[in-house]
There are 2 protein chains.
Amino acid sequence: MQNAVDTNDFVELVRQAGLRPTRQRLSLARQLFMNGDRHVTAERLHSESLDQGISVSLATVYNTLHQFTNAGLLRELVVDAGRSYFDTNVSAHHHLYFEETGELRDVPGDNVAIENLPMLPHGMKVSRIDVIIRVKNGSAESS
Amino acid sequence: MQNAVDTNDFVELVRQAGLRPTRQRLSLARQLFMNGDRHVTAERLHSESLDQGISVSLATVYNTLHQFTNAGLLRELVVDAGRSYFDTNVSAHHHLYFEETGELRDVPGDNVAIENLPMLPHGMKVSRIDVIIRVKNGSAESS
DNA sequence: AGAAAAATTAGAATCATTCTAATAAACAAA
DNA sequence: TTTGTTTATTAGAATGATTCTAATTTTTCT
Ligand SMILES: [Mn+2]
Ligand SMILES: [Mn+2]
Ligand SMILES: [Zn+2]
Ligand SMILES: [Zn+2]
């Protein structure tokens, strides 16, 4: 009742993704979508689940994250070799990435302008544009 | 003599990176910098070397790529989870990524404008901005 | 309930990358 | 150029995130 989002909404959400509302998927959906936007790794979501006493296998966490991504509920994001983040914000936006901590923060999509896209080969279309602003501790600005 | 770049230049290049000009590093430098800009993975560079009859271990390819990167001769680029590309173009520029083929193509840096950067936490600075325009086959444009 | 379809799971397998510890090559001094 | 010292290379093992397999359990449908 805390967030205008209760359990029934998640049942619907999962159903509309074409998936059966299992205990595992419902609790993952709750963790992902209950409290605003998140950028989360599979491992972190898994250990969070265990912490909350909800037993889910890591394989199911991966399966579910990919299913939600395919359904358009999540967006997969790669900032570092060998580690995927899943973003609950699927609207057009970009990212600030804190290199030291691994934290990701959203940047509104309209802060970035692509001025003149290069000519695309015939029949090609843009499927997505990722902008990652990497920041770290230090004095002045770099180029 | 083919490219205004001969072997001696590579000896110098490697020396100025603070590294000993070994047979392995020289032949990797040649492959990387002899023919214009490249976006290459460690595996590909390694098998290219073997094809040319130059025996280098994969560990050395990785070591060298990272050493060159630290020296500012290369830039490491992540477009896909679990695979790093090394870019011989270290000037400010962005990328077109062909999702089907894995090909990367440069986009001049001045085609992209970051209009109003979000406020950075105190003492943080931008270390780098990566823009990846993902393209694929398809009819119209997407958002 | 009973049958069929879909989901979950433990553990093995993958695969790019990194590490280890042993051998070899490069360099500086004499 | 020999010798000693530092740095590099290497094979193979280890790592770590992710995916796969094949068996078991749940969900859904009639
Ligand atoms: Mn994935
Ligand atoms: Mn690296
Ligand atoms: Zn985001
Ligand atoms: Zn490039």
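Please read these numbers as outputs of a predicted model, since none were measured by experiment. Chain A is the first sequence line, chain B the second, and so forth, proteins listed ahead of strands; every chain is numbered from 1.
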Between D:dT28, C:dT8, C:dA7, which nucleotide has the shortest distance from any of its atoms to the side chain of A:Gln24?
C:dT8
In whole angstroms, the gap separating P of C:dC15 from CZ of B:Arg44 amounts to 18 Å
Mind checking B:Thr60 for me? I need base, sugar-phosphate or nothing, with any heavy atom below 4.0 Å counting as a touch.
base
Looking for any heavy atom pair under 4.0 Å, which part of the strands does A:Arg83 touch: base, sugar-phosphate only, or nothing?
sugar-phosphate
Aromatic rings B:His39 and B:His93: how do their planes relate, parallel, tilted or perpendicular, breaks at 30° and 60°?
tilted
Testing the basics here: between B:Ala42 and B:Val61, what is the closest heavy-atom pair and its distance to 0.1 Å?
O-CG1, 3.6 Å
Could you say whether A:Ser55 or B:Leu19 is positioned toward the 5' end of DNA chain C, judged by the nucleotide with the nearest heavy atom to each?
A:Ser55
Rounded to whole angstroms, how far apart are CZ on B:Arg20 and C1' on D:dT6?
5 Å
Under 4.0 Å between a side-chain N/O of B:His66 and OP1 or OP2 of C:dT18, yes or no?
yes
In whole Å, what is the span from the CG atom of B:Asp80 to the P atom of C:dT17?
11 Å
Angle between ring planes, A:Phe33 versus A:Phe10, binned at 30° and 60°: parallel, tilted or perpendicular?
parallel
Between A:Ala81 and A:Gly18, which is nearer to the 5' end of DNA chain C once each is assigned its nearest nucleotide?
A:Gly18
State which of D:dA17, C:dT17, C:dA10 makes the closest approach to the side chain of A:Tyr62.
D:dA17
Starting at CZ of B:Arg25 and ending at C1' of C:dA25, how long is that distance when rounded to a whole Å?
11 Å
Hydrophobic clusters here meaning ILVMFWY residues chained together by side-chain heavy-atom distances under 4.5 Å, can you tell me if B:Val14 and B:Val11 are in one?
yes
What nucleic acid atoms does A:Leu58 come within less than 4.0 Å of, heavy atoms only: base, sugar-phosphate, or nothing?
base
With side-chain contact (heavy atoms from CB on, under 4.5 Å) as the criterion, how do B:Glu103 and B:Leu96 come out once you've worked through the C-alpha distance, each side chain's angles and the decisive distance to 0.1 Å?
CA-CA 8 Å; B:Glu103 186 201 344; B:Leu96 213 53; over 6 Å; no
Give a yes/no on whether any side-chain N or O of B:Arg15 is located under 4.0 angstrom from OP1 or OP2 of C:dA26.
no
From CG of A:Asn63 over to P of D:dT26, roughly how many Å is that when rounded to an integer?
17 Å
Could you give the CG-to-P distance, from B:Leu26 to D:dA8, as a whole number of Å?
13 Å
Specify the separation, in whole Å, of atom CD of A:Glu43 and atom P of D:dG16.
11 Å
Mind calculating the distance between CG (B:Leu65) and P (D:dA8) to the nearest angstrom?
15 Å
Of the candidate nucleotides D:dT18, D:dT9, C:dT9, which contains the atom at the shortest distance from the side chain of B:Thr22?
D:dT9
Of the listed nucleotides (C:dT9, D:dA11, D:dT7), which one gets closest to any side-chain atom of A:Ala59?
C:dT9
